[in-house]
Amino acid sequence: SSGSAGTSGTRFDLEKETELRFEVEAGERVQLELLSGLAEVFGSELNRNKRYTFGPGSKIAVFTWQGCSVSLSGKTEVAYISKDTPMLLYLNTHAALEQMRRQAEKDHERGPRVMVVGPTDVGKSTVCRVLLNYAVRLGRRPTLVELDVGQSNVSVPGTMSALCIERPADVEEGFSVQAPLVFHFGSTTPGTNIKLYNKLTSSLAEVFSQRCEVNRKASVGGCIINTCGWVKGSGYQALVHCASAFQVDVVIVLDQERLYNELKRDLPHFVRVVLLPKSGGVVERSKDCRRESRDEKIREYFYGFRGTSFYPHAFDVRFSDVRIYKIGAPSIPDSCLPLGMSQDDTQLKLVPVSPGRDLTHHVLSVSSVDDDAEVGAGQSRGILESPVCGFIVVTAVDTQAQVMTVLSPAPRPLPRHTLLIMDIRFIDLK
Ligand code: ADP
């Protein structure tokens, strides 16, 4: 039931185990306030009498276990209450994972490693967020592993990362991303360089396992792995690879029975594969919509998120002061490969990029690799496996003067001089 909230906005009264779903219109903002009862947004509890603001295009569900009243003000594209939500199934899944953590604690074992899979737009990220929130609310310290290079919840697009979760996600901003471990992938789909994708998955698994060896809470907390929506061919193989690299115990398949059956067939029998329905509230996003949210992620990296503004710096970088690489040479027919070289080598090869006008607008990762590290044939390992310490965008190139102007979160000089180019461009309109 809905009606006027009097002072401002529309009041919605929700019965227990129902959710209010709304979408914010383009160019608009919507404010949400909890008037009475208890409610949560994707597993983060709402505070009473606090106004939460959601920006254009946000798609939100306010769920209540006990019943509540909320008010919405601003222009929503849709706003309706649904009684039909899979939240109870998600809560049961959380309870089963928590049981595994308790067992792990008792037996001095490691906690559950969970991989969430499914096609695009089935709510994978949302399920990860709910499970992580419920775990951290019980005092656990789970790790979010973000393998979705198209829509990362941790860093800019084109990266693969891991983040230790220490508090519930902020209702408006999501998980706080202090000190994530980020690797450069360079494009928004794993298919661009599947060898590199699998290699970085292994690197993340290795780092996570090492952390678990020295940090008991991280080990018991386990991890929740968010994956890409590409579930066929090499995309499917990448999921199988990930399951083995992380030695996952549980795979949650959202919405697709075929994928569920394939994984049941192909993963070792001790891996529990569960099929869960997607929420009717998950909204399909168009290509444009996805591109916009990628852009927004990059803008946030440089300019901050609404409340907290950052002031990025612009400065010139001399070509001679940096070395720029692209990872992966274009693939060539096997018969043309130099003797003793395999296709793997070409995909993981560092190819020097000579700076030119076509660098303009590209996002570059600043590698944390030692500036003095030798880079030659066969020595790309150090760079591939070094995390990224930040990102810059090339805003202009002057070939005559041999300099490029960059947008950077920190003032000059660059912290390191090895740069990795992404396929991804960002046009700075500020
Ligand atoms: P995936 O990771 O599978 O691509 P997401 O978890 O990102 O999917 O969900 C897609 C969109 O749907 C997101 O904008 C998310 O906020 C929204 N969404 C998810 N669950 C709900 C829900 N129950 N009601 C309304 N919107 C939802």
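Counting starts at 1 for both ligands and their atoms, in listed order. Because only heavy atoms are used, hydrogens play no part in the values below, and waters and symmetry mates are left out as well, while side chains stay in.
Shortest contact from atom 19 (C) of ligand 1 to any protein heavy atom: Thr126 OG1, 3.4 Å. The nearest protein atom to atom 22 (C) of ligand 1, hydrogens excluded, is given as Ala61 CB, 3.5 Å; this is a heavy-atom distance. Scanning the protein for heavy atoms near atom 25 (C) of ligand 1, the closest one is Gly281 O, 3.2 Å. In this structure, atom 1 (P) of ligand 1 lies nearest to the protein heavy atom Lys124 N, 3.5 Å. Scanning the protein heavy atoms around atom 10 (C) of ligand 1, the nearest turns out to be Val282 CG1, 3.7 Å.
A salt bridge links Arg110 with Asp249: the closest approach of a Lys/Arg side-chain nitrogen to an acidic carboxylate oxygen falls below 4.0 angstrom. For Asp295 and Lys297, the salt-bridge test fails: no basic side-chain N is under 4.0 Å from an acidic carboxylate O. Between Asp121 and Arg290 there is a salt bridge, with a side-chain nitrogen of the basic residue lying less than 4.0 Å from a carboxylate oxygen of the acidic one. By the 4.0 Å N-to-carboxylate-O rule, Arg140 lies close enough to Glu98 to be salt-bridged with it. Taking 4.0 Å as the cut-off between side-chain N and carboxylate O, Glu385 and Lys199 count as a salt-bridged pair. For Glu19 and Arg21, the salt-bridge test passes: some basic side-chain N is under 4.0 Å from an acidic carboxylate O. Salt bridge absent: Glu25 and Lys75 never bring a charged side-chain N and a carboxylate O closer than 4.0 Å.
Note: Met422 CE to Ser187 OG = 9.5 Å, rounded to the nearest 0.5 Å.
Atoms of ligand 1 found under 4.0 Å from any heavy atom of Ile60, numbered from 1 in the order shown, are 25 (C). Shown in contact with Asp121 at under 4.0 Å from a heavy atom are these atoms of ligand 1, numbered in order with element: 1 (P), 3 (O), 4 (O). Ligand-side atoms of ligand 1 in range of Val122: 3 (O), range being under 4.0 angstrom from any heavy atom. Annotation for ligand 1: atoms under 4.0 Å from non-hydrogen atoms of Val283 are 12 (O). Near Lys59, the atoms of ligand 1 lying under 4.0 angstrom from a non-hydrogen atom of the residue are 14 (O), 15 (C), 16 (O), 17 (C), 26 (N).
The proximity of Glu19 to ligand 1, defined as any non-hydrogen pair under 4.0 Å, is limited to the side chain. Residue-level proximity to ligand 1 for Phe22 is absent, since no heavy atom of it falls below 4.0 angstrom. Under 4.0 angstrom from ligand 1, the non-hydrogen atoms of Arg285 all belong to its side chain. The backbone and the side chain of Ser125 each have at least one atom closer than 4.0 Å to an atom of ligand 1 (non-hydrogen atoms only).
Using a 4.5 Å cut-off on side-chain heavy atoms (C-beta onward), Cys228 and Val149 make contact. Side-chain contact between Ile224 and Cys128: present, with at least one pair of heavy atoms (C-beta onward) separated by less than 4.5 Å.
Geometrically, ligand 1 and Ser279 share a nitrogen or oxygen pair separated by less than 3.5 Å. Taking distance alone, with nitrogen or oxygen atoms compared against 3.5 Å, Gly123 approaches ligand 1 more closely than that limit.
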